[in-house]
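One structure below.
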There are 2 protein chains.
Amino acid sequence: MVHPSNVKAPIPPAPVVHIIEDDASLRLAIDSLLRSVGLNTRCHDSVQSFLDDKPLDTAGCLVLDVRLPGISGLDFQATLAQRGIHLPVVMMTGYGDIPMTVQAMKAGAVDFLTKPFRDQDMLDAVSTAVAKDRQRRKDLQETEALRNRYASLSPREQQVMALVTAGKMNKQVAAELNLSEITVKIHRGAAMRKMQARSLAALVKMAESLPQATH
Amino acid sequence: MVHPSNVKAPIPPAPVVHIIEDDASLRLAIDSLLRSVGLNTRCHDSVQSFLDDKPLDTAGCLVLDVRLPGISGLDFQATLAQRGIHLPVVMMTGYGDIPMTVQAMKAGAVDFLTKPFRDQDMLDAVSTAVAKDRQRRKDLQETEALRNRYASLSPREQQVMALVTAGKMNKQVAAELNLSEITVKIHRGAAMRKMQARSLAALVKMAESLPQATH
DNA sequence: ACCAGGATCATACCTATGTATAGGCAAAAT
DNA sequence: ATTTTGCCTATACATAGGTATGATCCTGGT
């Protein structure tokens, strides 16, 4: 008999906190703090080390020093965005000033901690950041499934779906696309089937949440 | 003949910047700076003065000192939220620290300027804040019109609309509400008319954007 | 050469939806 | 007391939507 957890457990996704900090002792301190509350961690002494590693398939967050060898943590935020890495960032600093803080927060940092910080503050920030990433991934997963289904529609079916969800009647769609009404019905039915929409209302809602960017 | 601007001009909404700063000279400096670029302003030396005045019917923003007589600017942010005042806030400080900055930004401040700041920084922040408020008011206006129409529906019509926009067929709605199908059709038709929806798709979209909170 | 899939259309049939007309009932407003 | 309003129902008809069957045409790949 197999242990239940190997059979039906959804397996808690085990978030990974990526620590990027060049000071070894602080890095280790954060590492053991986070591990003490059951979080998985990956330690890096530079951004390059993180970029080479990047297991981005699991939820998590970044804990990032502002002052890093070679690049500022603030600039690195921009780099992350460019590369499509959307892990929430918890920023740390020893010698930060307010403009720096403002910039980091505007760029979407979850928190900005000044060294030395209290353990609890770090834990709270990481907890918030991880929750944020979980939510983001959940949303992403939902719309991705939708996109896949949408991509499986033939060009015509996509056209018909667009007009139908815009509120047009079959005959109007037919007129706009120079088709017979019966053909529109065929495409419409195929779109409903492929999109797994059991009602027009459901299809409209899907169409609504489709145009969302990749975040 | 009347001047064209008095006839068909949509009248630029004239945003108002509310300045709350107890230091008279700085207050005047900000006031003249903002007026120099054509913005309307209201000056206050305390939060009470602002709360007594509050012409909140026009778009605009708040320029707020962190240290104010009687209350901290940070606490005042919470007060504003409680009172349903959603003007974007540009925070200023002479002696701010990073935790303070983080808290203000988390609470939604548009920017956090350290005195002395450059004129251009203030102008940029105010410009962003005003644009934000314009967008918020625009969104609000749209959903408000929708809410009014929804409020004009009878309870039954609202029920029917909810089920119909959830994708149920008339007969299913009838079963759930213990009605005859024909009655559902009546309510459904009335809902479409009152909501000014020319198609089911339109009604579904309206239902989607209705539940939004007041921001 | 052959086949699969996409696109097109037709006939036929059934179901779903919309509206008009007409009536009954109860609560609230005038 | 009367009117209005919301709510409920029915019959009848018209339009819209959905699906099945069958067929033609084209294109890209085996």
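Below, each value reflects all heavy atoms present in this structure, side chains not excepted, and no hydrogens, waters or symmetry copies. Lettering follows sequence order; numbering is per chain, from 1.
Under the side chain to side chain donor-acceptor pair (under 3.5 Å) criterion, Asn40(B) pairs with no residue at all, not counting sequence neighbours. Applying the side chain to side chain contact (heavy atoms under 4.5 Å, CB included) rule to Ala207(B) yields the partners Met161(B), Thr165(B); only residues at least two apart in sequence or on another chain are considered. Residues satisfying the side chain to side chain contact (heavy atoms under 4.5 Å, CB included) criterion with Ala197(B), sequence neighbours excluded, are Met192(B), Ala202(B), Leu203(B), Met206(B). Qualifying side chain to side chain donor-acceptor pair (under 3.5 Å) partners for Ser46(A), counting only residues two or more places apart in sequence or in other chains: none. By the salt bridge (Lys or Arg N to Asp or Glu O under 4.0 Å) test, Arg83(A) pairs with no residue at all, sequence neighbours left out. In this structure Asp133(A) satisfies the salt bridge (Lys or Arg N to Asp or Glu O under 4.0 Å) test together with Arg136(A), Arg137(A), sequence neighbours excluded. In this structure Glu176(A) satisfies the side chain to side chain donor-acceptor pair (under 3.5 Å) test together with Lys168(A), sequence neighbours excluded.
The list of side chain to side chain donor-acceptor pair (under 3.5 Å) pairs with a residue in residues 101-112 of chain B, not counting sequence neighbours, reads Lys106(A)-Asp111(B), Asp111(A)-Lys106(B).
Both Thr183(B) and Lys194(B) sit near DNA chain D, but only Lys194(B) has its closest nucleotide nearer the 5' end.
The CZ atom of Arg156(A) sits 9 Å away from the C1' atom of dT8(C) (whole-angstrom rounding). Rounded to an integer number of Å, the gap from Leu177(B) CG to dG6(D) P is 18 Å. Spacing between atom CD of Glu157(A) and atom C1' of dG6(C) amounts to 8 Å, rounded to whole angstrom units. Look at CZ on Arg193(A): it is 13 Å from C1' on dG6(C), rounded to the nearest Å.
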Show the distances under 3.5 angstrom between N or O atoms of the protein and N or O atoms of nucleotides 23-29 of chain D.
none

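Side-chain N/O atoms of His187(B) include none lying less than 4.0 angstrom from OP1 or OP2 on dG6(D). For Ser180(B), a side-chain nitrogen or oxygen approaches OP1 or OP2 of dA10(D) to under 4.0 Å.
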Donor-acceptor contacts, no H, no angles, side chain residues 64-74 of chain A, under 3.5 Å, sequence neighbours left out:
unit_1: Asp65(A); atom_1: OD1; unit_2: Arg67(A); atom_2: N; d: 3.1
unit_1: Asp65(A); atom_1: OD2; unit_2: Lys115(A); atom_2: NZ; d: 2.7
unit_1: Ser72(A); atom_1: OG; unit_2: Leu74(A); atom_2: N; d: 2.9

Query - Where protein sits on nucleotides 17-30 of chain C, one letter per nucleotide: B base, S sugar-phosphate only, - none, heavy atoms under 4.0 Å - result: BBBB----------
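Fit an axis to the five pairs at each end of the helix from dA1(C)-dT30(D) to dT30(C)-dA1(D) and the two axes sit 40° apart, to the nearest 10 degrees.
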**Report entry** Step-by-step side chain to side chain contact (heavy atoms under 4.5 Å, CB included) determination, Leu39(A) to Val16(A)
**Finding:** CA-CA 7 Å; Leu39(A) 287 163; Val16(A) 176; over 6 Å; no
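Residues Asp139(B) and Gln135(B) bring a donor and an acceptor atom of their side chains to less than 3.5 Å of each other.
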